[in-house]
Student: 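Supplied in structure tokens, the structure appears directly below.
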2 protein chains.
Amino acid sequence: MDTMTIPAAPAPRTQVTRKDVARYAGVSTAVVSYVVNGGPKKVAPATEAKVQEAIRQLGYRPNAAARALKLGSSETIGLVIPDNSNPFFSMLAHAVEDAAGALGYALVLTNSDGNLAKERRNIRNLAARQVDGVVLASVLFEPELDDLEAAEIPSVLLSHSGSSAGVTTVGVDLAKGARTAVEHLIGHGHTNIGLAMGTTTGNEADAREEGWVQALRDAGLPEGPIARSAFTRVGGYAAGKRFLASGHRPTAIFASSDMQAIGILRALHEAGLSVPEDIALVSFDGSEDAEYSWPTLTTVEQPVRDMAEAAVRALVGADRGEPAQHRVFPTKLLVRQSCGCP
Amino acid sequence: MDTMTIPAAPAPRTQVTRKDVARYAGVSTAVVSYVVNGGPKKVAPATEAKVQEAIRQLGYRPNAAARALKLGSSETIGLVIPDNSNPFFSMLAHAVEDAAGALGYALVLTNSDGNLAKERRNIRNLAARQVDGVVLASVLFEPELDDLEAAEIPSVLLSHSGSSAGVTTVGVDLAKGARTAVEHLIGHGHTNIGLAMGTTTGNEADAREEGWVQALRDAGLPEGPIARSAFTRVGGYAAGKRFLASGHRPTAIFASSDMQAIGILRALHEAGLSVPEDIALVSFDGSEDAEYSWPTLTTVEQPVRDMAEAAVRALVGADRGEPAQHRVFPTKLLVRQSCGCP
DNA sequence: ATGAAAGCGCTAACAT
DNA sequence: ATGTTAGCGCTTTCAT
């Protein structure tokens, strides 16, 4: 043992609490709270100044856990998405973080990786962490919200067309957006229009498929080929190859996501085909990737920022506590090169 | 006053606490804790079963805030990145979430949007929330860690070549990676190799620039043109146009990020130039975008998952508490089409 | 093997 | 205007 040790370092600063501040400023802890929170009581300017000074001097920082315990609110919201590496969801996550941050809420991000068990685990975990709300972009049509409901944590389903009973949803009219896209293709004279559809875990048909069918039917056109695959670049690539291998190759394709369109583009390029000359393409989402592909993609834009704001507002903002409602945002066809417009 | 009110609805279920569980199971609250946490004391199997049953029956879920307050740990880590919409960072965020989740930690995501004030605010905020560690992919060479240090919250700098004193850093050898890329281009016979460099907020030169210079100098080649712009598609697009407008147009370009390369690609396509025939291109990061561009991008891959794991481990895993160290991961040149390889 | 009880730091109702 | 104080739900030491 080294008994000669000199206690050089200053005693390990333990956490400064409101008590220390109160003592230093010569006031009570309540006053410190009032100053820190700007209420609920008024404090004399002079006192306030003293407290502020004490806070500065001591380097006091409120303990969020204690506050959360007392208030029953962590000022945090949870986000459950399939995959933050997917541009659409990373854009969404960013938008949700901004919207939450503007209201003083932090964002806990969880990826469910298309894995049902993981999604459930993430939801449980968020519930246990006393988040004040959960934004859910589930892989499921009807996600399991029991854990949230049991904990009385509000949730909103994002990017969801469905009208799940009793849950607030925020999304776009997928069918209408898809119809617009397909109609645009029809307007270019195409009669054999394929569909690259993403696969959903639930058993509900995706409304984008409906929209494609409707547009075709309304125009008296037959349904073109369908390729189902994941909502990813890899999935789109596989779908693209399948279209090319099929006997009755379409002259135009509607892809249910930009990522799939990017994959399709690669498959077409590799086959030496030109877009839109040989095959025209319109996709869905309006992510930045669609603006920088070659050719640039005509795509149906989802107003992600508006949707994120609406979701957060429903959870912890002005719309909190309102009865469940279904907010449907308009999509907008962003016309670029891949559709064949001059 | 309506004294006739019939108490129809069941009393609004207030949160079930460990006290309720204890009473229901006929044990003390301590035993409930032992069961829930698997320690620190042993519990008789029969008692444990009773408690588990009570937990199930009552739908008990532990309150994380209380636990955090008691333990001084929120089992949460913070992540500060410039922009989650940027594929490189969204990939990183996903990897960090996975690594943290594997250790039982949740991830609080914050975007600083290249904004210094916002970065500082995010850091303060995370500190106040008692996160157990912060992974920082700062826009700055030497981010302001005072708030974290004051709160004794460990932090690690990610994607950082620097050896900031006293802070653990995790990154790749940017200079070496860049050199490899440029040497590859030189190997293809190029003698006029441009650099599309991202702009950093600090005043330190990015090591990728060094690597470019070194490779050129070692080969006895003159420095090609430099275009500086943001680490984004938009930035790359602008850089690409500048290269094209310059008198002495390079025959090859090294871009400091995949995003910039994607932007450059667009500028070249629009100008009717082919890659790699007219201009060869190699970039940095190894994001999935580089695999699905046209042509596909030869790029210097960063082992993002390994880096994320190392960062999390240093914060709250096996390496916690170790003295500050600098973990440098190897990069790998992913050869695809844009460089001109056959 | 189990229980009692002392706080963790904060908020806000209730004094003064 | 300011102070006192009772918890929020949990962990864990110290009894039993």
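To find a chain, count down the sequence lines: A is the first, B the second, and so on, and within it residues start at 1.
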Student: Expressed as a whole number of angstroms, how long is the span from B:L69:CG to C:dA6:P?
Tutor: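 The distance from CG of B:L69 to P of C:dA6 comes to 17 Å, rounded to the nearest Å.
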Student: Using five base pairs at each end, measure the axis-to-axis angle across the helix from C:dA1-D:dT16 to C:dT16-D:dA1 and round it to 10 degrees.
Tutor: 40°
Student: Residues in side chain to side chain donor-acceptor pair (under 3.5 Å) with B:N125, at least two apart?
Tutor: B:R129
Student: Mind checking side chain to side chain donor-acceptor pair (under 3.5 Å) for B:E322 and listing every partner two or more places apart, or none if nothing turns up?
Tutor: none
Student: Nearest to the side chain of B:T17, which nucleotide is it out of D:dG9, D:dA1, C:dT2?
Tutor: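 Closest of the options to the side chain of B:T17: D:dG9.
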Student: List the residues meeting salt bridge (charged side-chain N to carboxylate O under 4.0 Å, His left out) with B:R23, not counting sequence neighbours, and say none if there are none.
Tutor: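 In terms of salt bridge (charged side-chain N to carboxylate O under 4.0 Å, His left out), with neighbours along the sequence ignored, B:R23 is linked to B:D20.
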Student: Report all interatomic pairs (protein N or O, nucleotide N or O of nucleotides 12-16 of chain C) with separations under 3.5 Å.
Tutor:
{"residue": "C:dA13", "atom": "N6", "partner": "A:Y34", "partner atom": "OH", "Å": "3.0"}
{"residue": "C:dC14", "atom": "N4", "partner": "A:K41", "partner atom": "NZ", "Å": "2.4"}

Student: How would you list, by chain and number, every residue that makes a salt bridge (charged side-chain N to carboxylate O under 4.0 Å, His left out) with B:D132, sequence neighbours excluded?
Tutor: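 Result, salt bridge (charged side-chain N to carboxylate O under 4.0 Å, His left out) vs B:D132: none returned.
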Student: Between D:dT2, C:dT2, D:dC10, which one does the side chain of A:T47 approach most closely?
Tutor: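 Minimum distance to the A:T47 side chain belongs to D:dT2.
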Student: Scan for side chain to side chain donor-acceptor pair (under 3.5 Å) pairs involving residues 304-315 of chain A, sequence neighbours excluded, and state none if there are none.
Tutor: A:D98-A:R305
Student: Just how far, in rounded Å, is C1' of C:dA4 from CZ of B:R23?
Tutor: 16 Å
Student: Side chain of A:V27: nearest nucleotide among D:dT11, C:dG3, D:dG3?
Tutor: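 Nearest nucleotide to the side chain: D:dG3.
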Student: What parts of residues 121-129 of chain A reach DNA chain D, counting only heavy atoms under 4.0 Å away?
Tutor: none
Student: Going by the rule salt bridge (charged side-chain N to carboxylate O under 4.0 Å, His left out), which residues pair with B:E48 if we only count those two or more places apart in sequence or in a different chain?
Tutor: none
Student: Kindly write out the residues that satisfy side chain to side chain donor-acceptor pair (under 3.5 Å) with A:N63, not counting sequence neighbours, or none if the list is empty.
Tutor: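 Testing A:N63 for side chain to side chain donor-acceptor pair (under 3.5 Å), a comparison that skips the adjacent residues, returns none.
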Student: From CG of A:N63 over to P of D:dC8, roughly how many Å is that when rounded to an integer?
Tutor: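 Roughly 18 Å, once rounded to whole Å.
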Student: When the distance from CD of A:Q130 to P of C:dC10 is rounded to whole Å, what number comes out?
Tutor: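 Atom-to-atom, A:Q130 to C:dC10, this comes out as 18 Å.
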Student: At what distance, to the nearest 0.5 angstrom, does CG of B:L79 lie from CG of B:L92?
Tutor: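 Reported to 0.5 Å precision, the distance equals 6.5 Å.
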Student: Sequence neighbours left out, what passes salt bridge (charged side-chain N to carboxylate O under 4.0 Å, His left out) with B:E149? Give chain and number order.
Tutor: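 Salt bridge (charged side-chain N to carboxylate O under 4.0 Å, His left out) check on B:E149 returns nothing, list empty.
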Student: Identify whether the distance between the nearest side-chain nitrogen and carboxylate oxygen of A:E53 and A:K50 falls below 4.0 Å.
Tutor: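 So A:E53 does not pair with A:K50 through a salt bridge.
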Student: Could you tell me whether A:K42 contacts a base, only the sugar-phosphate backbone, or nothing, with contacts defined as non-hydrogen atoms closer than 4.0 Å?
Tutor: base
Student: For B:E48 and A:Y60, take the nucleotide of DNA chain C holding the closest heavy atom to each; which residue's nucleotide lies nearer the 5' end?
Tutor: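 Looking at DNA chain C, the more 5' nearest nucleotide goes with B:E48.
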Student: Is the shortest distance from a Lys or Arg side-chain nitrogen in B:R61 or A:D147 to a carboxylate oxygen in the other one below 4.0 Å?
Tutor: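 Yes, B:R61 and A:D147 are salt-bridged.
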Student: Output every pair passing salt bridge (Lys or Arg N to Asp or Glu O under 4.0 Å) with a member in residues 102-114 of chain B, not counting sequence neighbours, ordered by first then second residue.
Tutor: B:D113-B:K118
Student: Nearest whole angstrom, please: distance from the C1' of D:dG7 to the CZ of A:R18.
Tutor: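 For the pair A:R18 CZ and D:dG7 C1', the rounded distance is 12 Å.
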Student: What is the distance, rounded to the nearest whole Å, between atom CZ of B:R67 and atom C1' of C:dC8?
Tutor: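 About 14 Å, once rounded to whole Å.
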Student: Check the distance between D:dG7's P and B:K19's NZ and give it to me in whole angstrom.
Tutor: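 So the two atoms are 9 Å apart, to the nearest Å.
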